[in-house]
Amino acid sequence: MTIDRRKLLACGALMGGMATLPSGLARAAVKSGGGTTLERVGGITRFDPELEKILDVNAPVEVLATGYSWAEGPAWVPTGGSDGKGYLLFNDPPNNIMYIYTPQSGVETFLSPSGLVGPVPKTIREAGANGMALDLQGGLVVADSGTRAIARIDLTTKRKTILASTFEGRRFNSPNDVAVSRDGIIYFTDPPYGLVEAEASPLRELDFNGLYRLSPDGEVKLLGQYHRPNGVGLSPDERTLYLSLSDEKRPEVLAYSLDAQGMPTGPARLFNDMRVQFAEGKPGLPDGMEVDPRGYVFATGPGGVHICAPDGRLLGMIATDKAVANCAIGDRGKTLYLTSASMLARVSLRG
């Protein structure tokens, strides 16, 4: 879900990743209550009346916190938090910090380091965790870019367990995003974004970037090789796997049909083509995504969040005027949280 910042800058994105900010410079989110008005950015564009089923096109996009080098990988935890109603976790991979957000307490550090422990080599661009998803046991599955592994974090003890770090005996590049099925299958992407020299990095052991399937018994299978694989998501019936490509020559979201064992039944098909928005110079590239219980896909890309129907129709877009790296639905389906360049934002959903 993190894209090469140099390429995002070329697309007009406002990035903070050129100079890493100390965590203390991140502005805490405004606490709810007290009549405080949050800063508003961007807006919502409707292309299809069906969008009204999902949100009010006049709903504001509100900024909750700013100051991050590159906000990423949001995941909603439905229980716990200061009011017991759940909380949001999100990452700042360049600064190796995982944050927790609740309306009552704002933003606080949850885990530091979130990824690589110990001195960070100069050859590592992003030492922290990136994309995240909950498993059925309530554990947090993370794409640990800095450690170059897929890991699971116990949210009570914060203890990390490495689930997979190699394919055929060779270390992953820098795992980027994850999606977890009800059967415990983990789908993940492994691009080179976390390495300073990307494909030319001396740390690299694999000569390709891949989409993978990690089974509960630890078996890793390569599902496909791509130039710039990024976000992944599953349909509600888990018979479709979505994949975003952060590729300037191929800015697309693909869809794989899956069988009952969670294996692709054939080649991926085109689900959403973002070439038009990319050609218009809108900030960002296809990145992270969220799929709601009805099958609507919230896919980040050039210009913001592309909201698509299950059949791939583009219903509307949510813009923050910056590149949006990822998004997550929380608050019992009532809020879409956006990690957008240097900020955390939100927009209300009809739920």
Side-chain angles (χ1 to χ4, degrees), residues 1-4 73 93 114-118 120-121 123-133 135 139-153 160-181 183-234 238 240-247 250 254-268 288:
M1 290 154 306
T2 298
I3 316 172
D4 188 323
S114 63
L116 184 63
V117 177
V120 177
T123 49
I124 296 291
R125 173 183 286 136
E126 296 180 340
N130 204 307
M132 307 185 289
D135 61 23
L140 186 70
V141 177
V142 302
D144 189 336
S145 178
T147 308
R148 301 168 65 190
I150 300 301
R152 184 181 189 272
I153 297 173
K160 181 189 294 184
T161 302
I162 300 298
L163 303 179
S165 59
T166 61
F167 174 66
E168 296 183 343
R170 293 172 290 174
R171 292 189 67 184
F172 296 133
N173 299 308
S174 55
N176 190 266
D177 197 13
V178 295
V180 185
S181 77
D183 292 333
I185 298 168
I186 300 170
Y187 299 93
F188 67 96
T189 53
D190 181 43
Y193 310 140
L195 307 177
V196 169
E197 297 179 64
E199 277 87 357
S201 172
L203 299 178
R204 207 158 181 248
E205 297 182 14
L206 294 165
D207 60 2
F208 59 85
N209 306 317
L211 168 68
Y212 294 90
R213 176 189 186 275
L214 172 61
S215 64
D217 64 5
E219 182 184 18
V220 178
K221 288 188 176 182
L222 177 66
L223 301 184
Q225 298 182 24
Y226 294 93
H227 176 56
R228 285 291 184 267
N230 203 312
V232 285
L234 281 168
E238 300 188 347
T240 303
L241 173 68
Y242 299 102
L243 170 67
S244 290
L245 303 180
S246 296
D247 187 340
R250 194 181 177 186
L254 305 179
Y256 282 90
S257 294
L258 302 178
D259 62 21
Q261 287 71 48
M263 289 294 296
T265 59

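All heavy atoms count here, side chains included; hydrogens, waters and symmetry mates do not. The structure displayed is predicted, hence computed values, not measured ones.
Counting heavy atoms from C-beta outward, N209 and P192 have side chains that approach closer than 4.5 Å. Looking at heavy atoms from C-beta onward, L116 lies in side-chain contact with P121 at the 4.5 angstrom threshold. Counting heavy atoms from C-beta outward, S201 and E199 have side chains that stay 4.5 Å or more apart. A 4.5 Å side-chain heavy-atom check between M263 and L223 finds at least one atom pair inside the cut-off. Between L163 and I186, some side-chain heavy-atom pair lies under the 4.5 Å cut-off. When side chains are defined from C-beta on, V180 does not count as touching L234, because their heavy atoms never get closer than 4.5 Å. With contacts defined as side-chain heavy-atom distances shorter than 4.5 Å, the pair P229/P191 qualifies. Proximity of N173 to L206: side-chain heavy atoms (C-beta onward) are separated by under 4.5 Å at one or more points.
The shortest non-hydrogen separation linking P175 to I150 is CB-CD1, 3.7 Å. Across all non-hydrogen atoms, the minimal contact from G210 to L222 is CA-CD1, 3.9 Å. Residues R125 and Y193 share a closest heavy-atom pair of NH1-O, 3.1 Å. Across every non-hydrogen atom of D190 and S174, the tightest pair is OD1-N, 2.8 Å. Of all the heavy atoms in V141 and V178, the pair that sits closest is O-CG2, 3.6 Å. Here the shortest heavy-atom pairing between T147 and K160 reads OG1-NZ, 4.2 Å.
Put simply, CZ on R148 and CD on E205 are 5.5 Å apart, with the number rounded to the nearest 0.5 Å. How far OG of S181 is from CG of L258: 9.5 Å, rounded to the nearest 0.5 Å. To the nearest 0.5 Å, the span separating CG on L245 from CZ on R250 amounts to 5.5 Å. Note: N130 CG to T189 OG1 = 8.0 Å, rounded to the nearest 0.5 Å. Taking CD1 of I185 as the start and CD of E219 as the end, the distance is 10.5 Å to the nearest 0.5 Å. Taken to the nearest 0.5 Å, the CG atom of L241 stands 7.0 Å off from the CG atom of L243.
When ring centroids are compared, Y212 and Y187 stay outside the 6.0 Å threshold. Ring to ring, Y242 and Y256 are not that close: their centroids are 6.0 angstrom or more apart. In this structure, the ring of F172 has its center less than 6.0 angstrom from the ring center of F188.
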Checklist entry - Taking it one step at a time, do N230 and S244 satisfy side chain to side chain donor-acceptor pair (under 3.5 Å)? => result CA-CA 5 Å; N230 203 312; S244 290; over 6 Å; no
Next on the checklist: Using side-chain contact (heavy atoms from CB on, under 4.5 Å), reason through R213 and V220 one step at a time and then give a plain yes or no.
Outcome noted: CA-CA 6 Å; R213 176 189 186 275; V220 178; over 6 Å; no
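At distances below 3.5 Å, not a single donor-acceptor pair connects side-chain atoms of S145 with backbone N or O atoms of A129.
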